[in-house]
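For reference, the structure discussed in these notes is given below.
Letters A, B, ... mirror the listed sequences (proteins, then strands); counts begin at 1. A quick note: this is a predicted structure, and the numbers were derived from the prediction, not measured.
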Amino acid sequence: MKIATFNINGINRRLPNLMAWLAEAAPDIVCLQELKATDKQFPASALADAGYEAVWKGEASWNGVAILVRDSTPVLTRDALPGAGDDHQARYIEAACNGVIVGCLYAPNGNPRPGPKFDYKLAWTQRLVEHALELWSSDLPVVLAGDFNIVPEPRDIYETTSYKDNALVQPESRALYQQLLDQGWADAIRCKHPEATVYTFWDYRRNRWQRNAGLRLDHLLLSGSLAGKLKQAGVDKFVRGADGASDHAPVWVRLR
DNA sequence: ATGTCCAGTGGAACTGGA
């Protein structure tokens with residue numbers, strides 16, 4: 001079983017890119033982020049034609065998350081993190097898919113820092129950490145996949161000082177990601193590529209794609225039972241080089 | 001501060017968010 005996560009950065013304007021990648025990569029389950037579409041605008045019928053059923057949580061202009069499953073029906077388990085209160089940003093969706101609980105997330109970017117956006121990033125990610133502990137404690141097979149908007153370690157970003165004040169690399173942000181690892185979750189890319197330089201995002205600005213000035217922001221975290229089944233993990237980097245590409249590339253795992 | 005890409009607004013350019 002192949003499970004992928006892809007920050008699509010606007011599902012409708014990048015639908016041809018998404019369709020081409022689905023046809024080539026043939027993932028069984030896909031977590032999508034930054035739909036930038038309302039529930040009504042979600043291209044459910046085009047995806048159904050490609051063989052994917054979906055659950056989604058849209059929002060006008062920003063955010064938005066979805067889970068696609070090939071030749072099977074995802075069963076929605078929640079469409080927001082617990083304790084959301086009056087937070088209506090569409091950043092989390094969860095479904096049972098072929099016997100696996102899939103949590104698809106789009107964490108807040110948090111810039112500029114310091115400020116209310118950084119405070120929101122930390123508070124939202126803290127709620128994610130709390131929900132992750134619930135899921136871990138359930139002993140179910142779970143994957144938490146998405147754009148965490150955290151560069152876990154210095155080696156997960158190209159050599160630069162221009163990000164030193166950026167929310168993505170701050171100690172407070174990294175400490176929250178480390179809390180997830182401390183719960184026991186396996187960072188699939190690091191399990192399979194412990195020494196490699198791996199990026200999943202390249203900013204549109206300043207020729208960062210051409211210079212391979214990337215960041216690793218998109219992660220797949222596996223619960224204990226799924227980590228034992230991890231066969232391979234990778235980044236479909238070629239997707240980032242296509243015309244009209246998202247600024248992120250898909251990341252995937254293959255499980256036994 | 002910069003840079004790049006968009007949609008939204010509103011009816012041309014500016015704005016915000018990433």
Side-chain angles (χ1 to χ4, degrees), chain A residues 5-21 31-43 46 56-66 81 84 86-93 104-125 128 145-152 156-170 172-174 176-177 199-219 235 237-251:
Chain A
T5 180
F6 186 12
N7 181 322
I8 191 69
N9 189 13
I11 190 168
N12 285 310
R13 71 185 191 233
R14 266 177 256 288
L15 198 54
N17 302 63
L18 176 60
M19 290 303 184
W21 170 70
C31 295
L32 294 175
Q33 302 86 34
E34 283 205 86
L35 303 178
K36 297 184 174 176
T38 61
D39 284 337
K40 267 190 176 168
Q41 293 167 333
F42 185 80
W56 62 93
K57 176 75 173 175
E59 185 181 331
S61 304
W62 310 113
N63 308 317
V65 283
L81 284 174
D86 58 357
D87 179 359
H88 299 299
Q89 296 189 25
R91 294 183 177 278
Y92 188 82
I93 192 166
C104 169
L105 65 110
Y106 174 53
N109 172 291
N111 286 300
R113 183 205 69 94
K117 294 199 171 174
F118 188 61
D119 297 341
Y120 175 62
K121 175 193 187 74
L122 297 181
W124 191 95
T125 308
L128 174 68
D147 180 355
F148 288 67
N149 263 319
I150 297 173
V151 174
D156 294 313
I157 180 171
Y158 70 103
E159 193 70 46
T160 181
T161 55
S162 66
Y163 276 81
K164 67 176 168 46
D165 296 322
N166 195 291
L168 307 180
V169 303
Q170 295 310 306
E172 300 95 316
S173 309
R174 285 179 169 160
L176 287 163
Y177 191 76
Y199 302 141
T200 68
F201 164 85
W202 297 260
D203 199 291
Y204 290 122
R205 293 169 283 192
R206 292 195 164 185
N207 292 314
R208 290 207 173 105
W209 166 246
Q210 290 80 357
R211 294 161 46 210
N212 193 31
L215 290 70
R216 191 168 76 97
L217 300 177
D218 303 273
H219 312 301
V235 178
K237 196 173 165 181
F238 68 92
V239 172
R240 179 61 179 82
D243 283 348
S246 168
D247 42 6
H248 295 250
V251 188

May I have the distance from [X] (atom [atom1]) to [N] (atom [atom2]), rounded to whole angstrom?
X       : N      : atom1 : atom2 : answer
N17(A)  : dC5(B) : CG    : P     : 14 Å
R240(A) : dT4(B) : CZ    : P     : 13 Å
R211(A) : dT4(B) : CZ    : C1'   : 13 Å
I8(A)   : dC6(B) : CD1   : C1'   : 14 Å

| message | Please verify the inter-ring angle class for W56(A) with F42(A); under 30° counts as parallel, over 60° as perpendicular, anything in between as tilted. | response |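 Parallel: the ring planes of W56(A) and F42(A) meet at under 30°.
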
Between [N] and [M], how many Å separate the two [atom1] atoms, rounded to a whole number?
N       : M       : atom1 : result
dA12(B) : dA1(B)  : C1'   : 26 Å
dG10(B) : dG16(B) : P     : 14 Å
dG11(B) : dT15(B) : P     : 15 Å

With sequence neighbours left out, what residues match [X] under salt bridge (charged side-chain N to carboxylate O under 4.0 Å, His left out)?
X       : answer
D156(A) : R190(A), R216(A)
R205(A) : D203(A)
K57(A)  : D79(A)
R240(A) : none

I'd like a list of close polar pairs between nucleotides 13-18 of chain B and the protein, N/O only, cut-off under 3.5 Å.
unit_1, atom_1, unit_2, atom_2, d
dG17(B), OP2, K117(A), NZ, 3.1
dG17(B), O5', K117(A), NZ, 3.3

| request: Please identify each residue that fulfils ring pair (Phe, Tyr, Trp, His ring centres under 6.0 Å) with H248(A), with sequence neighbours left out. | output: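 In terms of ring pair (Phe, Tyr, Trp, His ring centres under 6.0 Å), with neighbours along the sequence ignored, H248(A) is linked to F201(A).
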
| With sequence neighbours left out, what residues match Y199(A) under ring pair (Phe, Tyr, Trp, His ring centres under 6.0 Å)? |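 Once residues adjacent in sequence are excluded, Y199(A) has no partner under the ring pair (Phe, Tyr, Trp, His ring centres under 6.0 Å) criterion.
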
| request: Kindly express the pairing pattern of DNA chain B in dot-bracket notation, using | wherever a base pairs with another strand and counting only Watson-Crick or G-U pairs under 3.5 Å. | output: ...((((((...))))))

| field | With sequence neighbours excluded, residues passing side-chain contact (heavy atoms from CB on, under 4.5 Å) with E172(A) | value |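 side-chain contact (heavy atoms from CB on, under 4.5 Å) list for E172(A), sorted by chain: F118(A), L122(A), Q170(A).
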
| task | Would you name the heavy atoms of N7(A) and E34(A) that are closest together and state the gap between them? | result |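 For N7(A) versus E34(A), the nearest heavy atoms are ND2-OE2, 3.0 Å.
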
| Quick one: on DNA chain B, does R208(A) or G244(A) contact a more 5' nucleotide (nearest heavy atom)? |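 Nearest-nucleotide comparison on DNA chain B picks R208(A).
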
